[in-house]
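Take a look at the structure below.
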Amino acid sequence: MTEASSVDATLRALLADILGLGEERAAALTEDSGLFGALPEFDSMAVATVLTEMEDRLGIIIDDDEIDGEIFETYGNLLAFSLRKVTD
Amino acid sequence: MTEHRLRIDPADRPRATILIVPPLFDEANRLRRTLLLAMRALAWEGFAAVLPDLPGQNESLVALETVALDDWQDALAEIAADLPGPVVIASIRGGALIDHGAKAAAWWRLAAVSGSSLMRTMMRARVAADREAGLTSSLESLQAAAQVAPLLLAGNALSPAMVAALGEAEAQPVQPLRSIALGTDGLAGTPLWLRAEPGEDAAMARAIAADIVAWSMACGIN
């Protein structure tokens, strides 16, 4: 598995765990799929849980000031942010 | 004050009592249903299972903002001393941070987590909620505020002592201990404690009970 596809798989699994999406809905997420504001389960606690789990599972550290609303707007944005952090 | 203890007994005299130390804060609610299913499965195997309320949590009448992490450790030690032996302590997530003060025949920990990780998530939820409300806060500003007054994190008013102790808390060594994670090398199941909306997993509950039973027997409990 390439690094990009492994980050993608990790991210989908993590969203499935936290949002209770189930494998099918998690696999069906596209770059344009809306997250915060689009999925009712995606509240502020879920945002916080996603960040901490991203740190644990991707082995990255996320600073407070790196986070803006856009990151959670779509799955594509979250994936792009994760890939940037992992390759940093 | 004695806190509520949820207890499920087997039909016959218990082989041992499993003292369940639940995850902390909201994670306990998300896992509660599955823990109860595991307790029923334990009773089926001849074990009594006890799920106590920690002071300031669940049905407790104690105000959470008056509670420190040590109080939870002491409360568990008292409960364990009060139970008919042998006692096996089964802790999940943040429960593993407070289970070492009690005396037991064996310990079992599932997906133990550091206090700093729990704090970081709750602080971030507060920062995100503040942002939605048009307020500006940061992990640093919340940490500073928590030194002098109770801090409200995800519905929990945490005392300065609790914030300070939890931020540094790690699971402590105990013996004999089986520490198990979720996943292919560990227990089959999903991290329901992370779930935004509570779910339940009967297969995972059976796996939890089976692993606790196997470990208890490996520790000489028949």
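Throughout, protein chains are lettered first and strands after them, A, B, ... in sequence-line order, and every chain is numbered starting at 1. All values below were derived from every heavy atom in this structure, side-chain atoms included, with hydrogens, water molecules and symmetry-related copies excluded.
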In terms of heavy-atom proximity below 4.5 Å to chain B, should A:Phe36 be classed as side chain, backbone, both, or neither?
->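 Only the side chain of A:Phe36 comes within 4.5 Å of chain B.
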Portion of A:Ala13 that has a non-hydrogen atom of chain B nearer than 4.5 angstrom |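 Neither part; nothing is under 4.5 Å.
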Say you draw a straight line from CG of B:Leu192 to CD1 of A:Ile18; how long is it, rounded to the nearest 0.5 Å?
->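 It comes to 12.5 Å.
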Roughly how far, to the nearest 0.5 Å, is CD of B:Glu27 from OG1 of A:Thr49?
->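 Taking OG1 in A:Thr49 and CD in B:Glu27, the distance rounds to 7.5 Å.
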Part of B:Ala154 lying under 4.5 Å from any heavy atom of chain A |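 Just the side chain, heavy atoms under 4.5 Å.
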Please state whether the side chain, the backbone, both or neither of B:Arg126 comes within less than 4.5 Å of a heavy atom of chain A.
->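 Neither; nothing under 4.5 Å.
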Does [X], at its [atom1] atom, have more than 12 non-hydrogen atoms belonging to other residues, nucleotides or ligands within less than 6.0 Å?
{"X": "B:Gln172", "atom1": "CD", "value": "yes"}
{"X": "B:Glu168", "atom1": "CD", "value": "no"}
{"X": "A:Asp88", "atom1": "CG", "value": "yes"}

For [X] against [Y], the heavy-atom pair lying closest together:
{"X": "B:Leu194", "Y": "A:Arg57", "result": "CD1-NH2, 3.7 Å"}
{"X": "A:Ile62", "Y": "B:Arg124", "result": "O-NH2, 3.0 Å"}
{"X": "B:Ala125", "Y": "A:Ala48", "result": "N-CB, 3.2 Å"}
{"X": "B:Arg120", "Y": "A:Asp56", "result": "NH2-OD1, 4.3 Å"}
{"X": "B:Ser117", "Y": "A:Thr52", "result": "OG-CG2, 3.5 Å"}

Output yes when a side-chain donor or acceptor of B:Arg195 lies under 3.5 Å from a complementary backbone atom of A:Asp17, and no otherwise.
->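 Pair found, side chain donor or acceptor close to backbone of A:Asp17.
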